[in-house]
Every structure is written in C-alpha cells, then in structure tokens.
Number of protein chains: 2
Amino acid sequence: MHTPHSHHPVPTPEQLQQQLADAGLRATRQRLLILESLLVLPGHPTAEQVHQRVTGQLSSVSLGTVYKTLDSFVVAGLTRRVASAEGSRRRYDADCTEHHHLVCADTQEIIDYCDPKLDELIRGFFADKGLPGFQPHSFSLHVTGSRVVDLPTAESAQQA
Amino acid sequence: MHTPHSHHPVPTPEQLQQQLADAGLRATRQRLLILESLLVLPGHPTAEQVHQRVTGQLSSVSLGTVYKTLDSFVVAGLTRRVASAEGSRRRYDADCTEHHHLVCADTQEIIDYCDPKLDELIRGFFADKGLPGFQPHSFSLHVTGSRVVDLPTAESAQQA
DNA sequence: TGCACAGGTAAGAATGATTCTCCGCAAAGA
DNA sequence: TCTTTGCGGAGAATCATTCTTACCTGTGCA
C-alpha cells in the first residue's frame with residue numbers, strides 16, 4: 001500500500017548522524033535537532049515551527065540558525081522546499097524522493113503521498129506526448145482537498 | 001492540441017468588465033488595468049510585476065492597491081494564488097479553470113498547461129484508488145524542467 | 001601543550017514583501 | 001441631492017527572511 005507516509009517513525013541519532021555525514025555536513029547538536037524535527041513534525045513545517053520544537057530541547061538555538069541550516073540542507077540535497085500557494089511562509093520537506101502532496105484546504109497541512117503506479121502513469125503520459133520546448137525533470141502532483149475524519153455513515157450509525 | 005496556453009490573446013475592455021461584473025466587483029479603472037495585466041503578463045506575475053505594468057498606463061496606482069485588489073480577485077474566485085517553492089514572492093494566476101503548471105527551473109517562469117486527457121487520467125486514478133481519510137477536490141500537476149530553445153541539431157546545422 | 005584555522009552559532013540589524021490604518025473621494029441608492 | 005458605502009492612495013506597521021558581526025569550538029599540526 002502506498003498511502004500517505006506517516007512520518008513519525010522516529011529516527012535514531014545514528015541515522016541522523018549518517019544522513020548529515022552523507023550530505024557532507026558536520027553533525028552539530030543544532031543540526032541533529034533541526035533534522036530530527038523536520039522528520040518528526042507533521043505537515044511540512046515552517047522554519048518557525050522547527051525552531052519552536054528545537055528550542056524545546058536546546059533553548060539557545062536561534063531562529064537565524066534554523067533558517068541557515070535549513071537552507072544548507074536544501075543545497076546539500078537533504079531537504080527541499082515545498083511549493084505552497086497559501087500563506088507566505090516557506091515550508092520544508094525532509095523527504096527528497098519524488099513524491100506528491102495532499103494539501104488540506106482547511107488546515108493547510110501538507111501530507112506526503114507516494115505511489116510508484118502514479119509516477120509511472122504520469123511519466124508515461126509525458127513520454128508519449130512530449131512537450132514542445134520543455135524538458136521535464138520531475139513531477140509533483142498537488143491534490144487539494146479536505147480531510148475526512150471517518151465520519152459515521154448511515155450504516156455504521158445503524159450498527160450502534 | 002493542448003499545449004501550454006499562450007495567454008496574450010489580449011482581452012477586450014468589454015470582456016474585462018464582464019469578468020468583474022460576474023465576480024460581483026465594481027469595475028474601476030484600477031481593477032480593469034490590474035486584471036488585464038494579470039491576463040497579459042506571461043509566467044504568472046508577482047504583485048510587483050503587475051504594479052509595474054499598471055503604472056505604465058496609470059502612474060498613480062499604488063502597490064498597496066495592487067495587493068488589495070489581487071486579494072479581492074482571489075476571494076471572488078477570479079484569480080488564484082500559485083504554489084511555488086522558490087523565491088518568496090507570491091504569484092498569481094488569472095486562470096481559475098483546472099490546469100497544470102510547467103515550472104522552469106532556470107527562469108522561475110510558470111507556464112500554464114492544460115490537457116483534459118491528463119485530467120481524466122489523474123481523476124480516474126484516484127477514483128479507482130480512493131484515499132483513506134482524504135477527499136480530493138482538485139488536482140494540479142507541477143512539472144519541473146527546463147525550457148529547450150529549439151537548439152539546432154547536427155542535421156539542421158548541416159543544412160546551413 | 002600551544003597555536004592558528006575553518007566552520008558554526010547567537011544576537012540583532014537590515015531588507016523585502018505584504019498588510020494595515022487612516023483619510024479623502026467617487027459611486028450607488030434613497 | 002444627501003447619504004451611505006466602498007475604493008484607492010500614502011505611508012506606517014508587521015512579518016518573514018537574510019545579513020553582519022563577533023564569539024566559540026573542535027581540528028590539524030608544530
């Protein structure tokens with residue numbers, strides 16, 4: 001099944017160190033915390049949100065450091081910026097593999113969605129079709145909608 | 001053919017008036033100019049770019065008015081905000097029909113792309129699949145890539 | 001151990017984008 | 001016409017992000 005990722009599978013310190021090492025970045029306390037927060041926070045956090053969580057564990061970390069660090073993650077390919085239409089805060093995604101986004105119109109949350117079948121479908125479509133004067137590199141589908149909280153249906157209500 | 005829209009088909013003043021009227025907005029000189037600029041400018045302009053063009057025709061229009069007006073267009077459903085990852089300026093799209101975007105990684109230009117076949121493909125995919133706990137309303141595909149300027153091939157070069 | 005060096009960090013100033021406030025004016029309705 | 005309402009302009013205010021500066025830490029090396 002390839003339903004929305006549930007981030008959360010809390011990463012071990014070793015995994016974090018490894019990721020930073022692979023990206024060629026020194027593993028400072030601040031960076032480990034920032035990377036961890038990025039992986040753990042739901043809905044693609046803003047710098048502000050990352051900062052909030054990080055200061056909970058090491059209160060001295062400055063917002064400027066969070067910004068600079070997130071940027072360095074982006075250039076190192078560890079992280080990417082997420083395209084969003086509403087709100088003028090930048091959002092970050094720790095997952096750099098190709099994937100798609102479910103954007104909740106109500107809460108502004110952005111949920112990762114990943115399905116190789118869908119990738120294949122889209123890739124195939126453009127491979128067939130070709131675009132005049134444009135060479136596609138990557139695809140990202142934004143699905144706007146609303147969360148449904150498993151409302152009780154008429155039937156399930158009857159069962160009670 | 002459903003290749004990228006080429007905006008530009010310059011709208012008549014009557015069409016503009018009509019659009020504003022349909023949206024329930026007063027048709028002031030400023031609004032007409034702003035709407036026209038939005039329709040005419042390529043690549044999904046920022047408020048700043050709209051302002052630049054508008055002041056070319058009516059120099060007194062203030063940037064604040066452009067912002068306010070664009071927002072009112074958005075709430076009226078005349079216009080929408082475009083999701084973009086890079087740069088921290090907000091961009092607007094006068095086209096509210098469902099469509100997709102080609103994002104040029106080099107120039108940051110955002111080109112509209114429209115193809116009912118693609119819509120159908122995506123819609124069909126999710127209709128089959130269904131998303132747990134999420135009700136999709138609309139889909140927008142972001143194709144990141146680079147413009148190809150019809151480079152001369154080995155052959156076409158030989159012809160010269 | 002002692003010494004430069006590279007890179008990181010915190011703090012706050014600076015910048016840039018967007019929103020807000022306030023006031024005069026023009027348009028729509030009575 | 002008189003009134004009410006909304007619109008637009010100017011500039012202040014706010015918010016997000018970047019830059020500057022100075023300090024600090026860990027590292028390599030004599």
Side-chain angles (χ1 to χ4, degrees), chain A residues 16-17 19-21 23-38 44-76 78-92 108, chain B residues 16-17 19-21 23-38 44-76 78-92 108:
Chain A
L16 296 174
Q17 299 240 9
Q19 283 203 47
L20 288 174
L25 295 171
R26 263 201 223 161
T28 66
R29 177 104 197 266
Q30 288 86 339
R31 291 182 175 178
L32 288 168
L33 285 171
I34 291 170
L35 181 55
E36 190 205 40
S37 296
L38 211 52
H44 299 75
T46 62
E48 183 73 38
Q49 291 171 318
V50 169
H51 181 241
Q52 199 107 17
R53 180 168 189 284
V54 166
T55 50
Q57 314 201 222
L58 179 60
S59 62
S60 65
V61 179
S62 79
L63 183 54
T65 296
V66 173
Y67 275 109
K68 199 154 39 122
T69 302
L70 288 174
D71 277 359
S72 70
F73 286 1
V74 170
V75 309
L78 249 187
T79 296
R80 46 181 206 175
R81 287 182 179 166
V82 169
S84 74
E86 293 299 318
S88 42
R89 310 161 98 103
R90 199 166 279 170
R91 295 163 148 247
Y92 295 86
Q108 293 308 308
Chain B
L16 296 173
Q17 301 241 8
Q19 284 203 45
L20 288 174
L25 294 171
R26 260 197 229 164
T28 66
R29 177 106 196 267
Q30 290 85 339
R31 290 180 176 183
L32 288 167
L33 285 170
I34 290 169
L35 181 54
E36 190 205 40
S37 296
L38 211 52
H44 299 75
T46 62
E48 182 74 38
Q49 291 171 318
V50 170
H51 180 243
Q52 198 108 18
R53 180 168 188 285
V54 166
T55 50
Q57 313 200 223
L58 180 62
S59 63
S60 65
V61 179
S62 79
L63 183 55
T65 297
V66 173
Y67 275 108
K68 207 165 17 143
T69 302
L70 288 173
D71 277 358
S72 70
F73 286 1
V74 170
V75 309
L78 249 188
T79 295
R80 45 180 206 175
R81 287 182 179 167
V82 168
S84 73
E86 294 297 321
S88 42
R89 311 162 98 101
R90 199 167 279 173
R91 293 161 149 249
Y92 295 86
Q108 293 308 308

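Note: hydrogens, waters and symmetry copies are ignored here, and every other heavy atom, side chains too, is used.
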Applying side-chain contact (heavy atoms from CB on, under 4.5 Å), run through B:L35 and B:T69 and close with a yes or a no. CA-CA 9 Å; B:L35 181 54; B:T69 302; over 6 Å; no
Could you check whether B:S60 gets within reach of a base, just the sugar-phosphate, or nothing at all, counting any heavy atom under 4.0 Å? sugar-phosphate
State whether the distance check finds a donor on one side and an acceptor on the other, under 3.5 Å, for side chain A:K68 versus base C:dG8. no
Compare every heavy atom of B:L63 with every heavy atom of B:H51, then report the nearest pair and how far apart it is. NE2-N, 3.4 Å
How close or far is atom P of D:dT18 from atom CG of A:L63, stated in whole angstroms? 10 Å
Give A:Q30 one of three labels, base, sugar-phosphate or nothing, depending on what nucleic acid heavy atoms sit under 4.0 Å from its own. sugar-phosphate
Atom CG of A:L25 to atom P of C:dT9: distance rounded to whole Å? 10 Å
Does OP1 or OP2 of C:dA10 have a side-chain N or O of A:T65 closer than 4.0 Å? yes
Would you indicate, yes or no, if D:dG8 has its OP1 or OP2 atom less than 4.0 angstrom from a side-chain nitrogen or oxygen of B:T28? yes
Of B:G64 and A:L58, whose nearest nucleotide on DNA chain C comes first from the 5' end? A:L58
Find the distance B:R26:CZ to D:dG8:P and express it as a whole number of Å. 8 Å
Expressed in angstrom and rounded to an integer, what is the separation of B:Y92 atom OH from C:dT18 atom P? 7 Å
Taking B:T65 for its side chain and B:V61 for its backbone only, find out whether a donor-acceptor pair lies under 3.5 Å. no
Shortest non-hydrogen contact from A:L32 to A:Q17? CD2-N, 3.8 Å
Could you check how far CD of B:Q49 sits from C1' of C:dA17, rounded to whole Å? 13 Å
Rounded distance (Å) that lies between atom C1' of C:dG16 and atom CZ of B:R90: 13 Å
Is there side-chain contact between A:E48 and A:Q52, with at least one heavy-atom pair below 4.5 Å? yes
Hey, is the side chain of B:R31 poking within less than 4.0 Å of OP1 or OP2 on D:dG8, counting only N and O atoms? yes
B:R89, nearest nucleotide to its side chain (from C:dT18, C:dA10, D:dA16): C:dT18
Round to a whole Å and report the spacing from CG of B:L70 to P of D:dC7. 15 Å
Between C:dT18 (C1') and B:H51 (NE2): distance, integer Å: 14 Å
